[in-house]
Amino acid sequence: MAASTASLAPPFRFSLSFASCNGRARAPPPTAVRCSAPSDIDAPPLLRAAKYTVDRYVKSGMVIGLGSGNASSMAIKYLGQQLSAGALEDIVGVPTSVTSASEAAKSGIPLDNYQGCSQIDFAFDDADIIEEDTLIAVIGRRKLEGGESIIQEKFVLNAAQRLVFIITENRYKGALDGSVPVLVQSLNWMETAEEIDDLFLGDAEVWRRPSIGHADPLGGDFPVVTKDGHNVLDVIFTSPIADLAQVAESLDRVDGVVDHGVISKFPCIAVVASPSEVSVIDNVLTNVAGDPAI
């Protein structure tokens, strides 16, 4: 699943701050639009961002891709509360993982299987890191619990007509670091790992992810085997990642690579939580009236 290399316009940004203002401002880019949300001023930042995402983007009758992670869990629970209160109705959730399916069921959200869903109107998810300007994201760094699948998660996100990543401000970066998870065929995985190692020689180390015990280059005696039967290689960058799209394209050309944790989606929105505000960054151009195209 190749990442797009299309040139993206600089993302539009506006913020919801927690200082007083009157109504919703209209401002041309790149000026921030700021308006108060006093009812949430004491809530944790990530919860504010999760609630904002549901309130702003979810409409009755939608099919919603339900992400995985802390922020997604908060959004799922809040979505269930809105359904229970009657603020929303006729919502169907498409989970990206066993965990999100379980949380949605507990929250009273009707579910459908991602393989049998013809249309996903909107999806939200966590991201491990998001590249400034492009909003290309990395997912899958977390430990994969039983039944979780990067393939399933990316399928749901790519199928959605609109996608929002809910993150904290430290995950929205210009200088990227850390790892990119790569799914590889279990047979001859070492040859694939060696080719990836040569590809990023001097800039990254390649370790097979263990299911238990300490990590090491070979993944120990019990390497992770996903529900699709693949091993997970963590490409751990020791130098800054200059271009996530290029990393994805390079990985796609390696024999034995099934998929990876880089996702490039257009349109895409990042809802970024900080202690003082919720910022919204959009990689879609603003409309002619000057309002963000969200």
Side-chain angles (χ1 to χ4, degrees), residues 2-17 29-32 44-50 52-53 67-72 74-75 123-143 150 153-154 157-158 163-182 196 199-200 202-207 232-251 260-285 292 294:
S4 171
T5 57
S7 176
L8 300 180
F12 181 84
R13 176 197 294 263
F14 74 95
S15 302
L16 302 174
S17 72
T31 305
L46 202 57
L47 178 58
R48 290 199 300 259
Y52 172 81
T53 299
S68 303
N70 291 336
S72 295
M74 294 175 186
F124 56 79
D125 200 6
D126 290 48
D128 297 305
I129 199 167
I130 291 182
E131 185 176 62
E132 286 184 1
D133 298 333
T134 66
L135 300 191
I136 297 175
V138 175
I139 61 173
R141 286 182 180 176
R142 68 183 184 278
K143 180 181 179 180
I150 292 176
E153 189 169 355
K154 287 183 69 172
L157 301 186
N158 282 317
L163 170 63
V164 166
F165 286 112
I166 311 169
I167 59 171
T168 51
E169 60 182 344
N170 64 318
R171 297 191 178 193
Y172 181 70
K173 294 184 175 183
L176 303 182
D177 54 13
S179 64
V180 172
V182 181
I196 294 173
L199 188 65
F200 302 112
D203 293 320
E205 299 177 356
V206 182
W207 287 26
V232 180
L233 301 180
D234 287 309
V235 182
I236 306 167
F237 284 87
T238 54
S239 300
I241 304 172
D243 188 333
L244 265 180
Q246 184 59 52
V247 169
E249 287 185 359
S250 299
L251 290 170
H260 48 71
V262 180
I263 179 166
S264 177
K265 174 74 173 175
F266 187 86
C268 179
I269 298 164
V271 176
V272 184
S274 72
S276 61
E277 65 185 24
V278 172
S279 299
V280 180
I281 301 101
D282 195 332
N283 67 3
V284 180
L285 287 173
I294 58 173

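Excluded from the calculations below are hydrogen atoms, water molecules and symmetry mates; all remaining heavy atoms, backbone and side chain alike, are included.
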Spatial distance of atom [atom1] ([X]) from atom [atom2] ([Y]) [nearest 0.5 Å]:
{"X": "N70", "Y": "I167", "atom1": "CG", "atom2": "CD1", "result": "13.5 Å"}
{"X": "R48", "Y": "T53", "atom1": "CZ", "atom2": "OG1", "result": "12.5 Å"}
{"X": "I129", "Y": "N170", "atom1": "CD1", "atom2": "CG", "result": "9.0 Å"}
{"X": "E205", "Y": "D234", "atom1": "CD", "atom2": "CG", "result": "11.5 Å"}
{"X": "I136", "Y": "I241", "atom1": "CD1", "atom2": "CD1", "result": "11.5 Å"}
{"X": "E277", "Y": "E169", "atom1": "CD", "atom2": "CD", "result": "8.5 Å"}

Can you sort out the partners of D128 under salt bridge (Lys or Arg N to Asp or Glu O under 4.0 Å), two or more places apart, ordered by chain and number?
none
With sequence neighbours excluded, what pairs up with D177 under the salt bridge (Lys or Arg N to Asp or Glu O under 4.0 Å) test?
K173
Where do [X] and [Y] come nearest, in terms of heavy atoms and distance?
{"X": "P181", "Y": "I139", "value": "CG-O, 3.2 Å"}
{"X": "G261", "Y": "I150", "value": "CA-CG2, 4.4 Å"}
{"X": "A242", "Y": "E131", "value": "O-OE2, 4.0 Å"}
{"X": "A123", "Y": "L157", "value": "CB-CD2, 4.1 Å"}
{"X": "A75", "Y": "I166", "value": "CB-CD1, 4.2 Å"}
{"X": "S274", "Y": "P45", "value": "O-CB, 3.4 Å"}

Close side-chain approach of V271 and F124, heavy atoms under 4.5 Å
no
Under a 4.5 Å cut-off applied to non-hydrogen side-chain atoms, are T134 and L244 in contact?
no
Is there a donor-acceptor pair under 3.5 Å between the side chain of K265 and the backbone N or O of L135?
no
What residues form a side chain to side chain contact (heavy atoms under 4.5 Å, CB included) with [X], not counting sequence neighbours?
{"X": "S250", "answer": "L199, F200, Q246, R253"}
{"X": "D203", "answer": "S239"}
{"X": "A137", "answer": "A127, I130, F165, I263"}

Any residue meeting side chain to side chain donor-acceptor pair (under 3.5 Å) with D126, in chain and number order, not counting sequence neighbours
S72
Decide side chain to side chain contact (heavy atoms under 4.5 Å, CB included) for V247 and F237; before the verdict, give the C-alpha distance in whole Å, the side-chain angles of both, and the deciding distance to 0.1 Å.
CA-CA 11 Å; V247 169; F237 284 87; 4.1 Å; yes
